[in-house]
Q: 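A single structure is presented below for examination.
Per chain, numbering begins at 1; letters A, B, ... match sequence-line order.
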2 protein chains.
Amino acid sequence: MTNTDRHGLIAQALRESGSATVQDLAELTGASEMTIRRDLDTLAAQGVLERVRGGARTLLLRGEEPPFALRAREAVEAKRRIAAEVSSLITDGETVLLDSGTTCLEVARHLRQRPVTVMPLSLQAIHLFGETPGPATLMVPGGRPRAAEGALTGPLTLASLSALRFDTAVIGCCGVSAAEGLTAYDLDDAAVKKAGIASARRIIGAADGSKLGRTAYAYVGPSALLHTLVTDSTAPAEEVAAFEGTSTVVKTV
Amino acid sequence: MTNTDRHGLIAQALRESGSATVQDLAELTGASEMTIRRDLDTLAAQGVLERVRGGARTLLLRGEEPPFALRAREAVEAKRRIAAEVSSLITDGETVLLDSGTTCLEVARHLRQRPVTVMPLSLQAIHLFGETPGPATLMVPGGRPRAAEGALTGPLTLASLSALRFDTAVIGCCGVSAAEGLTAYDLDDAAVKKAGIASARRIIGAADGSKLGRTAYAYVGPSALLHTLVTDSTAPAEEVAAFEGTSTVVKTV
DNA sequence: CGTAACGAACATTTTCCATGTTCGAAAGTC
DNA sequence: GACTTTCGAACATGGAAAATGTTCGTTACG
């Protein structure tokens with residue numbers, strides 16, 4: 001078992017019972033108590049849990065978005081396939097706006113090796129392009145990064161977006177519903193997505209099946225804004241059907 | 001000997017003789033020819049040298065700025081001390097604009113652990129703040145990063161700067177001379193430095209001794225723009241004396 | 001066509017990171 | 001205030017990953 005697996009186990013155990021002792025977790029995972037303590041420190045720094053004497057308590061019971069580090073481990077295979085499909089929809093030479101989030105981070109991995117101009121809206125993706133300069137051209141938007149998320153938001157980001165026009169925007173919404181439209185967990189984030197959509201000629205939505213039919217609380221816009229929606233086969237059939245009646249092209253990978 | 005040491009040896013050997021064979025370098029460093037070949041590939045990717053059959057040829061004979069990877073290894077101790085001094089000049093709660101370059105990257109290391117708001121003008125420094133969130137608040141300027149340098153330049157950067165006002169700007173000029181003023185190797189960079197200086201109430205110059213009295217070709221402004229200049233004891237005495245006759249405070253560490 | 005250089009593939013060494021153990025200090029509990 | 005439990009620093013250990021060396025077939029150049 002790798003340390004990441006163990007972190008996943010711990011996070012899951014806490015989500016189920018709300019809290020756990022160091023001893024319980026050591027027994028559950030087969031690791032020593034010292035290792036569990038170190039794990040708890042790591043997860044606490046990621047905002048997954050809160051440390052209490054003798055154990056830990058979960059921090060993510062409410063309707064909030066789970067921390068980035070946790071989401072990055074969910075539906076990895078689906079995200080990878082979705083990202084490959086999104087990348088194939090983009091032509092060499094295009095200018096691309098890339099939203100924040102784990103799915104779009106995967107798209108960034110693909111685009112790095114393509115001759116395109118990319119403006120990513122998250123620090124993580126900027127890192128990716130920055131450290132190994134490939135054929136792609138990187139543009140950095142201004143802004144204030146939101147915690148571990150790395151999503152750039154605020155007036156500087158909006159100003160950067162309003163100064164540019166993109167061929168394509170790849171948007172990774174937290175909630176996508178034919179009826180309720182596109183939604184995000186964070187108001188600032190939603191504002192950035194709105195501005196991004198307004199600055200691009202073509203909008204591609206990238207969302208794994210778990211996002212379909214879900215609604216977060218910050219409204220971004222009607223689902224008809226998407227010219228193309230790329231999702232996977234775990235998406236609820238009725239949602240996909242609802243989209244197929246509209247102008248949006250749905251690709252299931 | 002570490003691989004980095006060896007890279008330094010190779011770079012130095014090439015600067016002195018202009019070119020060298022793989023055999024020569026293997027003998028010089030005590031490494032195998034295969035290792036030298038791999039080193040040369042690495043250094044070629046950094047823009048330090050050009051690969052030719054049988055060996056390599058230097059790329060940095062002209063008056064150009066050496067690549068970032070090379071500068072990062074020069075005068076490390078001096079830069080560290082200068083950075084510590086600059087950091088001590090900054091008060092908690094200030095908003096700080098941080099220039100690109102290796103010296104300012106060291107300053108970033110210090111500021112990470114301080115409750116200040118920082119806008120760095122290079123990707124490297126942004127990484128630094130992004131990966132380990134400390135008490136500092138990070139603001140990202142927009143812009144287009146210049147190659148391995150990571151320095152953000154262009155209209156987006158200028159726009160980000162003109163939208164903000166900073167308490168202090170830390171500027172790391174390539175050339176600092178009492179007579180010729182502040183200069184940079186790159187025109188775009190110089191424009192950004194100018195804009196940065198215009199957006200800050202207090203300007204701190206950070207330059208190790210080798211930069212004093214040197215002139216690069218892109219003019220930034222008169223040396224009197226600097227309220228404080230932090231340098232080290234290797235600075236030429238006559239330059240330091242010239243500065244001491246002006247309003248600029250010189251700190252030698 | 002011959003020679004030297006190259007680089008892929010594998011073997012080996014070294015380095016670094018995750019984990020475990022021990023033990024003194026700190027925090028709770030009675 | 002004494003006792004128990006938890007905590008985390010410090011060091012030891014194991015294993016994975018990176019760096020380096022070696023071999024050998026391929027490629028470039030004269």
Q: Side chain to side chain donor-acceptor pair (under 3.5 Å), that's the test. Do Q12(A) and E16(A) meet it? Break it down for me.
A: CA-CA 6 Å; Q12(A) 194 190 337; E16(A) 281 165 12; 3.3 Å; yes
Q: Under 4.0 Å from OP1 or OP2 of dT5(D): is there any side-chain N or O of Q23(A) that close?
A: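 Looking at the OP1 and OP2 atoms of dT5(D), neither is under 4.0 Å from any side-chain N or O of Q23(A).
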Q: When the distance from CD of E33(B) to P of dG7(C) is rounded to whole Å, what number comes out?
A: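 These atoms are roughly 13 Å apart.
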Q: Nucleotide by nucleotide, 5' to 3', does protein get under 4.0 Å of the base (B), only the sugar-phosphate (S), or neither (-) in nucleotides 8-18 of chain C, counting heavy atoms?
A: B---------S
Q: Separation of I10(B) atom CD1 from dT20(D) atom P, in whole Å?
A: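 Computing the I10(B):CD1 to dT20(D):P distance gives 10 Å.
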Q: Stepwise, does the side chain to side chain donor-acceptor pair (under 3.5 Å) test hold for T102(B) with K79(B)?
A: CA-CA 8 Å; T102(B) 53; K79(B) 281 170 186 165; 3.0 Å; yes
Q: Could you grab the distance from atom CZ of R38(B) to atom CD of E33(B), nearest 0.5 Å is fine?
A: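 Output value for this atom pair is 12.5 Å.
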Q: Grab the CZ-C1' distance between R37(B) and dG21(D) for me, whole Å please.
A: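 Between C1' of dG21(D) and CZ of R37(B): 12 Å.
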Q: At under 4.0 Å between heavy atoms, how does the protein contact nucleotides 23-30 of chain C? Give one character per nucleotide, 5' to 3', with B, S or -.
A: ---BBS--
Q: Looking at R144(A), I'd like to know if its CZ atom is crowded, meaning that more than 12 non-hydrogen atoms belonging to other residues, nucleotides or ligands lie closer than 6.0 Å.
A: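 12 or below, so no.
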Q: Would you kindly give the CE-to-C1' distance between M1(A) and dG20(C), to the nearest whole Å?
A: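 Rounding to the nearest Å, CE of M1(A) and C1' of dG20(C) are 15 Å apart.
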Q: Is a salt bridge present between D188(A) and R146(A), judged by a nitrogen-to-oxygen distance below 4.0 Å?
A: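 No.
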Q: Run the side chain to side chain donor-acceptor pair (under 3.5 Å) check on E106(B) and T103(B) step by step: do they pass?
A: CA-CA 5 Å; E106(B) 277 301 319; T103(B) 312; over 6 Å; no
Q: Go through DNA chain C and write down every stem, that is, every run of at least three consecutive Watson-Crick or G-U wobble pairs with distances under 3.5 Å, as range with range.
A: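 Runs of three or more consecutive pairs: C:1-30 with D:1-30.
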Q: In whole angstrom, give the distance that lies between atom CG of L25(B) and atom P of dA5(C).
A: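 In whole Å, dA5(C) P lies 13 Å from L25(B) CG.
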Q: Take T95(B) and D167(B), measure what side chain to side chain donor-acceptor pair (under 3.5 Å) needs, and give me the verdict at the end.
A: CA-CA 5 Å; T95(B) 54; D167(B) 293 317; 3.3 Å; yes
Q: Mind checking the OG1-CD spacing from T21(B) to E27(B)? Nearest 0.5 Å is all I need.
A: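 Spacing of OG1 (T21(B)) from CD (E27(B)) equals 8.5 Å.
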Q: Are OP1 or OP2 of dT20(D) and a side-chain N or O of S32(B) less than 4.0 angstrom apart?
A: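 No, S32(B) has no side-chain N/O under 4.0 Å of OP1/OP2 on dT20(D).
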Q: Looking at R73(B), I'd like to know if its CZ atom is crowded, meaning that more than 12 non-hydrogen atoms belonging to other residues, nucleotides or ligands lie closer than 6.0 Å.
A: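 Atom CZ in R73(B) is crowded, with more than 12 foreign heavy atoms closer than 6.0 Å.
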Q: If you assign each of R51(B) and H7(A) to its closest nucleotide in DNA chain C, which residue comes earlier from the 5' end?
A: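 Its nucleotide being nearer the 5' end, the pick is R51(B).
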Q: Can you measure I36(A) atom CD1 to dC7(D) atom C1' for me and round it to whole angstrom units?
A: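 So the two atoms are 15 Å apart, to the nearest Å.
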Q: Please report the interatomic distance CZ(F68(A)) to OG(S122(A)), rounded to the nearest 0.5 Å.
A: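 Going from CZ on F68(A) over to OG on S122(A), the span is 6.5 Å.
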Q: Out of L40(A), T35(A), D39(A), which residue meets the side-chain contact (heavy atoms from CB on, under 4.5 Å) rule with L25(A)?
A: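 The passing option is L40(A).
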